[in-house]
Asker: 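One structure, pasted below without further comment.
Just the heavy atoms: all of them, side chains too, but no hydrogens, waters or symmetry mates, feed the values below.
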Amino acid sequence: NSGANLEQNEWTHLAMVAEPGGITIYKNGRPYRHAITTNEHSFVSPLAIGADLNGGDRFFKGIIDEVCIYDRSLSQTEIRESMHLAKTHSGIPGLDRYYQFNESSGHVMDRQGISHATLNANAQRILSTAPAGPGASQQWVINAAASYDFDSAGVKLTTANNATYPDGEVWITRINYIPEANFNPSGQPVVPSYWILHPYGANERFSSFSEMTFKEVGRINQGSVLSDYTLFRRAPNADTAVWVRIDTAM
């Protein structure tokens, strides 16, 4: 009864962390904790993704992507930092199993080990629109008028005086992909990245930033003017290309 319900028709990042003093479910980086004494458990039985092996006809009706299993308890910071990032082979402490579901057929490969999986029942592969990919994440606590340089993510935000601030952590992730292969609403070249912002402060609604600077956006043609560039936005976990034009002068 955590209250961390899934929203229909959008992606949700979920993480479950087991510790001796309780279980915490993180929904899009926000914690829902159940205090309970837990014991160590050896996972020696088959593991099902999207189904309850002991629950009869209990199957998940939805899309699942980027499944990770760790042999340690992740911190809140680690979860927020990694929630939109595809894993690399640079070595992630404790990552034991990793399923991306990128294969066109055959086994679902374990990208971290050798525990490959198979599709059962009516499970099938479809093209994923999950907001995840290679990139970088960074956070700042935004609670005053200042400039906040998310240099790893390639964004700088400036807040104004006498504004309503998030008053807490703000995470920005840069994904080094075009969000959808057919995304080109203006008919012009698209920056080969997009950015996701998640606020976790006391104020869920806060003032607009007075300035946003995007770094490393690719080549700028000689003679370009501000009207040549357009800014689009959508919800952080949107499932489809519901991008809305918000500015014509970046």
Asker: Between Leu119 and Gln124, is there a side-chain heavy-atom distance shorter than 4.5 Å?
Answerer: no
Asker: Can you see which heavy atom on Ala160 is nearest to which on Ala145, and at what distance?
Answerer: O-CB, 3.5 Å
Asker: Within the 4.5 Å heavy-atom criterion, are Leu231 and Arg245 side-chain neighbours or not?
Answerer: no
Asker: Looking at CD1 of Ile79 and OG of Ser73, how far apart are the two atoms once the value is rounded to the nearest 0.5 Å?
Answerer: 9.0 Å
Asker: Kindly compute the distance separating CD1 (Ile64) from CZ (Phe101), expressed to the nearest 0.5 Å.
Answerer: 6.5 Å
Asker: Rounded to the nearest 0.5 Å, what separates atom CD in Gln76 from atom CZ in Arg30?
Answerer: 9.5 Å
Asker: Looking at side-chain heavy atoms only, is the closest gap between Ile49 and Val108 below 4.5 Å?
Answerer: no
Asker: Under 4.5 Å between side-chain heavy atoms, hopping through other hydrophobics if needed: is there a path connecting Ile92 to Leu74?
Answerer: yes
Asker: Might you point out which heavy atoms bring Leu85 and Lys87 nearest each other, and give the distance in Å?
Answerer: O-NZ, 3.2 Å
Asker: Using a cut-off of 6.0 Å, state whether more than 12 heavy atoms not belonging to Ile114 lie near its atom CD1.
Answerer: no
Asker: In the hydrophobic clustering (ILVMFWY, side-chain contacts below 4.5 Å, transitive), which residues join Trp11, or is it alone?
Answerer: Ile63, Ile126
Asker: What's the spacing between Asn9 CG and Asn237 CG if we round to 0.5 Å?
Answerer: 13.0 Å
Asker: Heavy atoms, side chains only, cut-off 4.5 Å: are Asp96 and Tyr70 in contact?
Answerer: no
Asker: With clusters defined by side-chain heavy atoms of hydrophobic residues (ILVMFWY) lying less than 4.5 Å apart, directly or transitively, does Trp171 cluster with Val141?
Answerer: no
Asker: Taking the side chain as every heavy atom from C-beta outward, state whether Phe232 and Val244 have any pair of such atoms under 4.5 Å apart.
Answerer: no
Asker: Determine, step by step, whether Thr159 and Ser207 satisfy the side chain to side chain contact (heavy atoms under 4.5 Å, CB included) criterion, reporting the C-alpha distance in whole Å, the side-chain angles of both residues, the deciding distance to 0.1 Å, and the verdict.
Answerer: CA-CA 8 Å; Thr159 56; Ser207 303; over 6 Å; no
Asker: How many angstroms lie between OG1 in Thr173 and CZ in Phe150, if you round to the nearest 0.5 Å?
Answerer: 10.0 Å
Asker: Distance-only check: which donor-acceptor pairs under 3.5 Å involve side-chain atoms of residues 16-26, not counting sequence neighbours?
Answerer:
from: Glu19; atom 1: OE1; to: Arg33; atom 2: NH1; distance (Å): 3.3
from: Thr24; atom 1: OG1; to: Arg33; atom 2: NH1; distance (Å): 2.8

Asker: Do Phe60 and Leu6 have side chains that approach each other closer than 4.5 Å (heavy atoms only, starting at C-beta)?
Answerer: yes
Asker: Check Ser152 against Ser137 and note the closest heavy-atom contact, atom names and distance.
Answerer: CB-O, 4.4 Å
Asker: Give a yes or no on whether a salt bridge exists between Arg234 and Glu10, defined as a side-chain N under 4.0 angstrom from a carboxylate O.
Answerer: no
Asker: If the threshold is 4.0 Å, N to carboxylate O, is there a salt bridge linking Arg111 and Glu103?
Answerer: yes
Asker: Do you see a donor-acceptor pair shorter than 3.5 Å between the side chains of Tyr98 and Glu66?
Answerer: yes
Asker: Just list the side-chain donor-acceptor pairs under 3.5 Å for residues 192-205, sequence neighbours left out, or say none.
Answerer:
from: Ser193; atom 1: OG; to: Arg174; atom 2: NE; distance (Å): 3.2
from: Ser193; atom 1: OG; to: Arg174; atom 2: NH2; distance (Å): 3.2
from: Ser193; atom 1: OG; to: Asn176; atom 2: OD1; distance (Å): 3.2
from: Trp195; atom 1: NE1; to: Ala153; atom 2: O; distance (Å): 2.8
from: His198; atom 1: NE2; to: His84; atom 2: NE2; distance (Å): 2.9
from: Tyr200; atom 1: OH; to: Asn28; atom 2: O; distance (Å): 2.8
from: Asn203; atom 1: ND2; to: Tyr165; atom 2: O; distance (Å): 2.7

Asker: Within a strict 4.5 Å, meaning less than it, do heavy atoms of the Ile142 and Phe209 side chains meet?
Answerer: yes
Asker: Suppose the criterion is side chain to side chain donor-acceptor pair (under 3.5 Å): which pairs have a residue in residues 139-150, not counting sequence neighbours?
Answerer: Ser147-Thr158, Asp149-Lys215
Asker: Compare every heavy atom of Thr164 with every heavy atom of Phe206, then report the nearest pair and how far apart it is.
Answerer: CB-O, 3.1 Å
Asker: Which pairs with one or both residues in residues 113-123 pass side chain to side chain donor-acceptor pair (under 3.5 Å), sequence neighbours excluded?
Answerer: Arg97-Ser115
Asker: Evaluate the side-chain proximity of Thr129 to Asp239: yes if any heavy-atom separation is below 4.5 Å, no if none is.
Answerer: yes
Asker: CZ of Phe59 to CG of Asp52: how many Å apart, nearest 0.5 Å?
Answerer: 9.0 Å
Asker: Suppose the criterion is salt bridge (Lys or Arg N to Asp or Glu O under 4.0 Å): which pairs have a residue in residues 152-170, not counting sequence neighbours?
Answerer: Arg80-Glu169
